[in-house]
J.: 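Below is the structure I would like to discuss, written out as structure tokens.
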Amino acid sequence: MWWGMMLLFLFLLFSAFSPALAWIPVQDWESGNVTASVGSSGQCVCHVFLPDTTFPADRVEHMQQVSKDLIVEVEIQKNKLVKYEDKLVIYLAELKDLEERLTIMQSSPDDYIKLDFELLRIELREFEALASQLKNSLNFSSSLFDSLYIEIQNMTFIVNQLETYDKSNLEVIRYQFAKLQKKLEECQMDQDIIKPDVGNCNHTGILSIGNPLVVQLNAHLNSNYLYGGWGRDSKPIQGNENMHFYGAYSSPGMVYDFYFYSNYENLILRKAIKQYTLPNDWRGTGNNYIVHSNAIYYQHDSPFSMTKLNLTSSQYEYRVISAASQSFSYAYSSNQNLDFAADETGLWVLYASTQNMGKIVLAKIDEKSFGIEAVWPTGMYKQSAGNAFMVCGVMYATRSVDISTEEIFYAYDTKTKQERNLSITFKKFQDKYSNLDYNPIDQKLYMYNNGYYVSYNVKFNKE
């Protein structure tokens, strides 16, 4: 149809400007739906035959209106979707808050009454109703909604399970567990024939390490808290002779919370007598902290320094060690640039320096002035060691043998300034650990082993 009309247009155009076209035979113009002939008066007559002579203007207009309506509808649905997405973000945030509250209840279910569980159930039902409303409004299904429903159902199950706990029975179970742990520890000491000679260094060094005593999962009951430490005050003040501490985090770059317990039994029962939350300006890193003489010693990043929190006065102090480098950490964990240790001779900080080619430097801390009184450079490259600790002025470095075995493989004696290679193996509960410290009060090693409290008895060579 269209090419015929084009031929007609061209014919008329050329006829107007070129009389020579009149000499073209008429039959040459006959083609398809277009014919040409000469009328009785000698005029040119053209005939165009169109299959459909009616242009569908009404249908085009209808299509244009439908298109406009669709555009408006799409805009409306887009606005709705934005609103629903905003609501979904709010719902997910509220659900996360509910999860955090539930985690707290899991860690200490005996501190909650029946009303708390009922409120949780009401909120979970509201979440389920809101999720259903949102799903129906959007009129489609997705993995996001499916996972949301599963999470709500799981949380409802946990709430119902927690409510069945009986507070008095739970207290009895925890107390019995603490007694059992104590008996296990005493039994292990008898089996290893270890008789601690606390405070004395009348031996030639470590002979062996006992089997690991796995106390329990951390006080948060959270296996994601892989980085931290636990133990007891290595130089307790009067009245706090049995004080234990704990702190753990999900990242090696965070140190901000410490929990203190009056004794070992209350550590097991998770009954803290005090919690210290470090202010933002005093937060630390590295997880190689200790508690010594009722003060926490830990690494501070801004400025990079060793920091002391006096638990009696709640006063903070810091000292910059100019030679210490932030470039060297232990093999198991990052950020462990300053490692604090205590033994029968006093308080220590272990670090590596560029001057010593990344090898460990032992620094004795003057407890009164909180300064460095003496240093000993060693030949142990810090990044080759899993961790290190001090006993009677001797540094011992550890490394991994396999997934379940650790080895004390190096020692440096600050008295003789001599180093030697060793091979004293001991078992690990889990592969990696972020904190290992010796305590001269009970001559034990305290390890924070991937979220678990683990301790070891140390046997010394008396020859």
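Just so it is clear, the model here is predicted, and its values are computed rather than measured.
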J.: Quick one: are I268 and Y261 in side-chain contact, heavy atoms under 4.5 Å?
T.: no
J.: Could you please spell out the steps behind the side-chain contact (heavy atoms from CB on, under 4.5 Å) verdict for Q430 and V454?
T.: CA-CA 10 Å; Q430 299 213 16; V454 180; over 6 Å; no
J.: Side chains of V394 and Y412: does their closest heavy-atom pair fall under 4.5 Å?
T.: no
J.: Any donor-acceptor pair under 3.5 Å linking the side-chain atoms of S353 with those of N356?
T.: no
J.: When you measure from the side chain of S434 to the backbone of G228, do you find a donor-acceptor pair of N or O atoms at a distance under 3.5 Å?
T.: yes
J.: Applying side-chain hydrogen bond (donor to acceptor under 3.5 Å, both in side chains) between Y330 and each of N288, N335, D339, report the one that passes.
T.: D339
J.: Please report the shortest heavy-atom distance between I424 and L207, naming the atom on each side.
T.: CG2-O, 4.1 Å
J.: Give me the ring orientation class for H300 and Y298: parallel if the planes are under 30° apart, tilted from 30 to 60°, perpendicular past 60°.
T.: perpendicular
J.: Which class fits the ring pair Y276 and F260: parallel under 30°, tilted 30 to 60°, perpendicular over 60°?
T.: perpendicular
J.: Do the ring planes of Y256 and Y249 sit parallel (below 30°), tilted (30 to 60°) or perpendicular (above 60°)?
T.: tilted
J.: N337 and Q299: side-chain donor and acceptor closer than 3.5 Å?
T.: yes
J.: Between N449 (side chain only) and K432 (backbone N and O only), is there a donor and an acceptor less than 3.5 Å apart?
T.: yes
J.: Q275 and Y259: side-chain donor and acceptor closer than 3.5 Å?
T.: yes
J.: Among side-chain atoms of N294 and T312, is any donor-acceptor pair under 3.5 angstrom?
T.: yes
J.: Kindly assign one of parallel, tilted or perpendicular to the pair Y438 and F460, based on the angle between their ring planes and the thresholds 30° and 60°.
T.: perpendicular
J.: A side-chain contact here means heavy atoms from C-beta on lying under 4.5 Å apart; do M254 and Y227 qualify?
T.: no
J.: Taking the inter-plane angle between the rings of H220 and Y246 on a 0 to 90° scale, is it parallel (under 30°), tilted (30 to 60°) or perpendicular (over 60°)?
T.: tilted
J.: Parallel, tilted or perpendicular: which describes the rings of Y264 and W230, with under 30° parallel and over 60° perpendicular?
T.: tilted
J.: Can you find a heavy atom in the side chain of N240 that is under 4.5 Å from one in the side chain of D233?
T.: no
J.: According to the interplanar angle, ranging from 0 to 90°, do the rings of F340 and Y297 count as parallel (below 30°), tilted (30 to 60°) or perpendicular (above 60°)?
T.: tilted
J.: Is a donor from one side chain sitting under 3.5 angstrom from an acceptor on the other, for S234 and N439?
T.: no
J.: Got a second to check how far Q326's CD is from L338's CG, nearest 0.5 Å?
T.: 8.0 Å
J.: Determine the minimum heavy-atom distance between S400 and D402, stating which atoms define it.
T.: OG-O, 3.2 Å
